[in-house]
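To start, the structure itself, in structure tokens.
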Amino acid sequence: MLETTWFVIWGVAWAVYFMLDGFDLGLGLLSPFISKTETERRIAVNAMGPFWDGNEVWLITAGGVTFAAFPAAYALMFSALYTPLMMLLFALILRGVAFEFRSKVESATWRKVWDGSLAVGSGLAALLLGVAFANLFAGIPVDAEGVFQGNFLTFLSPYGLAGGVFFVVAFLHHGALWLVVKTAGDFRDRARAVSFKLWVATLVLAVAFLGLTAVYTQLWTNLLGRPALLAFPALAVVALVASPVLSRQRRAWAAWGASAAFLACAVGFGVAGLFPTIVGSSLDPAYSATAFNSASSPLTLKIMLGVALSILPLVIAYQTWVYVRFGGTVTAENMEDGSSY
Amino acid sequence: MDTLILSRIQFGMTCFFHYLFVPLTLGLSFLVAIMETAWVRTGNEEWRTAAKFFGKLFLINFAVGVVTGIPLEFQFGTNWAGYSRYVGDIFGSLLAVEATVAFFLESTFIAVWFFGWKRLNPKLHCATIWIVAIASNISAFWILVANAWMQHPVGFTIRNGRAELTDFFAVISQKFAVLEFIHTVGGAWILGGFFVLGVSAWHIARGSHVGVFKKAFKVAAIWSLVFTVFEGVQGHMNAEILASTQPTKLAAMESHWVTSEDVPMHLIAWPDQENERNAIETLPIPGLMSFLVHYNPHGKVQGLKDVPKEDRPPVLPVFLSFRAMVALGILLFWVAIWAFWKRNSIESQPRLLKLLPWMISLPYIANLLGWTVAEMGRQPWIVYGLMRTSEGVSKVSPSQVWGSLAMFFGVYTLLGAIDFYLIWKFARKGPLPELPTTAKA
């Protein structure tokens, strides 16, 4: 029961991470393409400004949950995914510093370098996260000793790449909707128009990815064994369909929220379909790390449960406060207060 | 080179690099909080200018600190899978608590502080920088509890082929952890103090914003003196506890080979690890080492030869780092006294004003030397006495680690150069002209 609870928390941490950092990774990649002027680029950066760092802590927490609750799965997953994870780290480093650096030197070239770093880092991070999760869904060649028997190309299977592209496009869509929330006038209209196009692409890729999932993984089979969990894919579809409808009604927050719910339910689908596996071995299921064979001791799980249940609601409360407090639109005028990137 | 040595180089390098940015975060956050509090209390705009100016430098520093922290958490899984498997039950949970309890607060509220100057009322705004300061230091507490467990593991039993937690409270409250936390943040706070002293002195010497920087200088002078004194007294307690917890490390720090009584301290010594003795050893102060460990000049101090050769750390770097750290600590203490003594007439102290900007680098060096003693002195153990570093490493190919190591080296060199350039540039630029706003007294 403790292990199952922790598996759920593990899934929730990833779901929250993707629905939050998803928009700033997507917008980071989208911003150079959608912004026509330097002012618009700055607006896009400041639209993510107060949030991106707090969002990224959910990644550290998701990693921390894996480490604390399922140390053997953590060891297996991170060492098997060595190269893609290292690339993810460099992508996150280069995009993270771009926020602080870009406005610090008065030079168009300097800004271009950091805008490029923000876009490439964000896009690469989204792609790698998608590739990594698709590979976890499909299982990776790890042997009885927990040693990865493959190379970097192993991850770039058709299914792995499909996962990567799906994540990139879904995050772009999520980021475009965030830009609609945070901007006004012509820039917002353009962001909304782009979000509709990206929605079509997201829908197509979501259907394709779900189809490929049936071919390459056991997720659907597992879910059919617990039909209640089919609510995840069902809700994901509902949320994705609702998003453009809400956007047409000019309800920008609700449209973004629907996209967030879509991402969270998509992660829910994947994680529920994996249960109880965390890292599946494609060589022999006996080599897989599951919530049961990789869990920490009951004492650790209990103490950590106390910490998680008492602290995470607080985190969600104060992060929500920040989203409300800093939820207003960013304009050329209100960036000139000396408190903007 | 094999995966083990490459992973050690990578972990050491990424830790050291990360720690170029952490101490300023830990120390400067409190100093900025004090300056902003003074503004809110007095309504004096100079305090606000000081808080905003040092806050900007804080943020440039924080940007690299935050992104270089994630690789440390990840590397336990990527490069030290054996370690993670064996002790994750204890160590992993400490890192998870750190992220949940502290890092969320720090990362969320630093953004609120930066973006909130106009959007929050001054009192609430001031509260956010205190949250950042306290949360960063709580974050340090959990990380240091985790490190202390690697130095002196407690509260566990070996079960199911791994270390399992039996007493969480013992882990977080053990004396080793508390002392390590105090000593580490003490070093960081000194660094923050000397940073403010140095930057302020540079501006005062040039007659730029003298009112603002004299205020900052006074706060930092008091702060630096308090914590250099504190660090010296408290540091002694750290060395003392090593006698019972990590005697081999202590012996390496002092390059003491043979267990004996009436142990002197040699002012000049040079270890010769190969031949298990000191190549040079002169100017002894009789009984001093025995006295420092036992408050008794005749006390017995364990030597390196008590443990087999393969259980000894590399003596020379540990010994030299320790001596250099202590020497720097003493030097900083004298400079802090000087700065404190002249704090009210600092603008007429050209020599001190010229010296202080140069002093900024010294606490950085002292902090890194301290970590060298702590981590190299723990070798060959990854968990002291329980697990060897060689047993903790992942089974990944050396080529993978070569790749990531090369990337870390390249990216970090670039980031470090850019970030220190930006800190230097904005530190010299001074405060920007401010539009007046009102603070309620």
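Given the structure is predicted, the values throughout are model-derived calculations rather than measurements. A note on names: the letters A, B, ... follow the listed sequences, proteins ahead of strands, and every chain is numbered from 1.
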Under 4.5 Å from any heavy atom of chain A, what part of [X] do you find: side chain, backbone, both or neither?
{"X": "B:Thr68", "result": "neither"}
{"X": "B:Tyr412", "result": "side chain"}
{"X": "B:Leu105", "result": "both"}
{"X": "B:Val101", "result": "both"}
{"X": "B:Leu120", "result": "both"}

Centroid separation B:Phe76 to B:Tyr83 less than 6.0 Å: yes
A:Phe70 ring center within less than 6.0 Å of A:Tyr74 ring center: no
Region of [X] in contact with chain B, defined by heavy-atom distances below 4.5 Å:
{"X": "A:Val322", "value": "side chain"}
{"X": "A:Ile60", "value": "both"}
{"X": "A:Leu89", "value": "side chain"}
{"X": "A:Phe148", "value": "neither"}
{"X": "A:Ala73", "value": "neither"}

For chain A, find which of B:Ser397, B:Gly403, B:Ser93, B:Gly116 contributes the most heavy-atom pairs closer than 4.5 angstrom. B:Ser93
Heavy-atom pairs under 4.5 Å with chain A, option from B:Thr100, B:Leu95, B:Val112 with the top count: B:Val112
Mutual orientation of the aromatic rings belonging to A:Phe99 and A:Trp52 [parallel < 30°, tilted 30-60°, perpendicular > 60°]: parallel
Would you call the rings of B:Phe109 and A:Trp321 parallel, tilted or perpendicular, where under 30° means parallel and over 60° means perpendicular? parallel
Could you go through A:Tyr82 and B:Ser394, starting from their C-alpha distance and side-chain angles, then the distance that decides it, and tell me whether this counts as side-chain contact (heavy atoms from CB on, under 4.5 Å)? CA-CA 10 Å; A:Tyr82 190 96; B:Ser394 297; over 6 Å; no
Applying side chain to side chain contact (heavy atoms under 4.5 Å, CB included), can you list everything that pairs with A:Ser281, at least two apart in sequence or on another chain? A:Val142, A:Leu283, A:Tyr287, A:Ser288
Give the C-alpha distance, both sets of side-chain angles, the deciding distance and a yes or no for side-chain contact (heavy atoms from CB on, under 4.5 Å) between A:Trp14 and A:Trp58. CA-CA 7 Å; A:Trp14 284 112; A:Trp58 283 95; over 6 Å; no
